Amino acid sequence: MVSIYDIDGIEALRRRHAIQPHRMKLFLNALFKNALGRDEALAMLPEEVRDDVAHQVEFQTLELAERHDSEIDGASKLIFQTSDNHLIESVILRPKTGRTSLCISSQVGCACYCSFCATGKMGFTRNLTVTEILDQVVQASRLVKTEGRSIRNVVFMGMGEPLLNLDHLFHSLEIMRAIPYFNYSGSRLMVSTVGIPHAMVRFVEQFPDVQLALSLHSARQDVRERLMPQARKYSLDQLRESLLEASRHGKVMIEYLMLAGVNDGDEDFHALENYLRDIPVHINIIPFNEYAGCNLRGTARPEREAFANRLKAAGFDTTLRYSFGADIAAACGQLVQHKRGLGDGLG
Ligand code: SAH
């Protein structure tokens with residue numbers, strides 16, 4: 001079996017079956033640019049090779065297990081089942097601007113254990129494969145195609161820490177950008193990280209035009225360590241070095257989740273202002289999405305706005321994030337699934 005995402009393997013198969021390059025191009029276009037199904041794509045190939053290609057190529061490994069549509073804001077949560085029975089989630093966002101986005105997962109669970117994140121509570125199971133990462137994009141694209149939409153942006157903000165699955169992340173980004181495949185420009189792709197300094201530097205070196213978002217959440221070492229255990233491994237000073245390096249390639253987005261009485265005070269504001277001074281960043285203020293079993297509380301909207309306005313006044317490009325899919329537990333940090341059949345029920 002050769003994966004559809006194995007560029008060399010697919011080229012070898014093309015040669016073996018003497019398929020003309022333009023027929024292969026039509027086939028890949030059908031799958032990835034036109035979001036057609038497997039059989040419709042196979043119909044682009046000469047009839048005599050279709051069966052062989054169908055049997056020799058691995059197209060998809062995820063099964064769509066469930067779909068939940070938000071009643072308030074047009075978000076849809078897709079729950080996929082892997083071939084070893086794990087459940088992962090992707091979220092389709094349909095903002096009023098019309099730019100449909102897809103939020104995808106990079107791991108089953110997560111090893112970072114951020115105190116505010118539901119995914120962290122489920123622990124880490126395994127990295128997603130390249131096929132599993134990209135299958136989320138393929139299946140979501142097919143789904144929104146039926147609504148006359150296409151996926152405009154893909155963000156790695158679902159389950160998992162993408163920079164701890166670096167090889168598969170890189171390979172997936174290559175395929176998403178590859179002309180015969182999805183042909184996404186880097187500006188349409190975003191990777192969000194807890195902040196793993198050496199991996200951030202490797203990432204921007206390899207993909208200078210792909211957007212990078214850093215989940216900072218506090219510029220105070222002690223506060224950040226309490227919120228994000230990873231911060232004990234990589235200090236804020238170390239992180240700032242890699243942030244400087246990354247921002248040489250373009251603005252980095254700083255994600256700042258606002259938690260009442262934790263990171264929303266005066267001292268927090270000044271620490272943030274100092275930390276980011278002279279670094280070209282875009283600060284995104286995020287509302288906390290609550291979930292069962294978490295005792296943290298989000299900062300109220302007026303205080304979030306005031307915090308954002310202070311940042312703006314200090315010269316920072318700052319926006320407030322609206323959370324999609326809160327009613328279907330599809331918002332940031334609400335993604336949590338358990339292995340099928342273990343009786344935990346679905347989100
Ligand atoms: N591991 C990556 C990507 C996944 S989380 C990262 O940490 O960046 C995507 C974003 O959602 C991160 O900014 C994360 O901090 C934020 N997030 C996690 N839990 C949240 C919650 N309960 N409410 C709001 N945002 C949350």
Side-chain angles (χ1 to χ4, degrees), residues 75 77 88-91 93 101-124 127-128 133 136 153-166 168-169 172 189-197 199-200 203 210-218 223-224 226-231 233-234 239 242-243 246 252-260 262-264 281-299 301 304 319-337 347:
K77 176 161 78 171
I88 59 157
E89 302 185 346
S90 316
V91 183
L93 306 163
S101 298
L102 178 69
C103 174
I104 60 174
S105 295
S106 55
Q107 299 181 316
V108 180
C110 187
C112 294
Y113 303 102
C114 297
S115 61
F116 45 79
C117 178
T119 304
K121 305 279 182 281
M122 65 187 273
F124 174 70
N127 283 332
L128 292 185
I133 293 174
Q136 298 171 67
N153 298 94
V154 179
V155 299
F156 284 81
M157 289 193 189
M159 291 173 157
E161 169 49 42
L163 295 192
L164 290 178
N165 185 9
L166 210 55
H168 296 169
L169 170 73
S172 309
L189 305 171
M190 181 179 267
V191 173
S192 176
T193 176
V194 289
I196 306 200
M200 284 166 64
F203 169 79
V210 174
Q211 313 288 301
L212 179 65
L214 168 65
S215 297
L216 185 62
H217 307 325
S218 176
V223 177
R224 194 163 192 271
R226 276 206 306 277
L227 291 175
M228 310 172 77
Q230 286 283 322
K233 261 198 215 151
Y234 312 109
L239 192 57
S242 59
L243 186 55
V252 174
M253 184 201 269
I254 301 292
E255 294 168 282
Y256 198 92
L257 168 64
M258 292 203 72
L259 295 164
V262 176
N263 64 356
D264 61 353
V281 290
H282 166 128
I283 305 174
N284 197 219
I285 300 292
I286 312 180
F288 176 59
N289 298 308
E290 294 185 4
Y291 56 90
C294 182
N295 48 18
L296 289 161
R297 290 288 160 263
T299 304
R301 189 176 178 132
R304 289 204 308 272
T319 46
L320 286 156
R321 183 183 293 179
Y322 167 75
S323 246
F324 280 91
D327 61 328
I328 49 169
C332 286
Q334 291 184 318
L335 303 185
V336 60
Q337 288 298 334

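Note that ligands are numbered from 1 as they come in the structure, with each ligand's atoms numbered from 1 the same way. Computed from a prediction, not measured in an experiment: that's the story for all the values here.
Counting only heavy atoms from C-beta outward, the side chains of L216 and R224 approach each other to under 4.5 Å. A 4.5 Å side-chain heavy-atom check between L163 and M200 finds at least one atom pair inside the cut-off. Counting heavy atoms from C-beta on, the side chains of T319 and I285 never come closer than 4.5 Å. Residues H282 and V252 are not in side-chain contact: their nearest non-hydrogen atoms beyond the backbone lie 4.5 Å or more apart.
For atom 3 (C) of ligand 1, the nearest non-hydrogen atom from the set C294, A111, S106, S192 belongs to S192.
Residue-level proximity to ligand 1 for H217 is carried by the side chain, the only part with a heavy atom below 4.0 angstrom. At a 4.0 Å heavy-atom cut-off, ligand 1 does not touch T119 at all. The proximity of C112 to ligand 1, defined as any non-hydrogen pair under 4.0 Å, does not occur for either the backbone or the side chain. With a 4.0 Å cut-off on non-hydrogen atoms, E255 touches ligand 1 through its side chain and not its backbone. Contacts between N289 and ligand 1, counted as non-hydrogen atom pairs separated by less than 4.0 Å, involve both the backbone and the side chain.
Partners of P197 according to the side chain to side chain contact (heavy atoms under 4.5 Å, CB included) rule, which considers only residues two or more places apart in sequence or in another chain, are Y234, Q238, L239, S242. Take S101 and apply the side chain to side chain contact (heavy atoms under 4.5 Å, CB included) test, not counting sequence neighbours, and it matches L93, N153.
Ligand-side atoms of ligand 1 in range of S215: 6 (C), 7 (O), 8 (O), 12 (C), 13 (O), 14 (C), 15 (O), range being under 4.0 angstrom from any heavy atom. Numbered from 1 in the order shown, with element, the atoms of ligand 1 that lie under 4.0 Å from a heavy atom of L257 read 23 (N), 24 (C), 25 (N). Atom numbering of ligand 1 starts at 1 in the shown order; those under 4.0 Å from a heavy atom of V194 are 6 (C), 7 (O), 8 (O). Using a 4.0 Å cut-off to heavy atoms of G158, the atoms of ligand 1 that qualify are 4 (C). Close contacts between ligand 1 and F288 involve ligand atoms 21 (C), 22 (N), 23 (N) [criterion: under 4.0 Å to a heavy atom].
Under the 4.0 angstrom criterion for non-hydrogen atoms, P287 is in contact with ligand 1. Put simply, no part of C110 is less than 4.0 Å from ligand 1, judged by heavy atoms. Under a 4.0 angstrom heavy-atom cut-off, G160 registers as being in contact with ligand 1.
The shortest N/O to N/O separation between R321 and ligand 1 does not fall below 3.5 Å. Below 3.5 Å of separation, one finds an N or O of F116 facing an N or O of ligand 1. Polar contact check, M157 against ligand 1: no nitrogen or oxygen pair lies under 3.5 Å apart.
Between L166 atom CG and F203 atom CZ the span is 9.0 Å, to the nearest 0.5 Å. Taking CG from L128 and OG from S172, the interatomic distance works out to 9.0 Å, rounded to the nearest 0.5 Å. Remark: S106 OG to M159 CE distance equals 10.5 Å, nearest 0.5 Å. With rounding to the nearest 0.5 Å, the separation of CZ in F124 from SG in C110 is 8.0 Å.
Looking only at distances, a side-chain donor or acceptor of N263 sits under 3.5 Å from a matching main-chain atom of H217.
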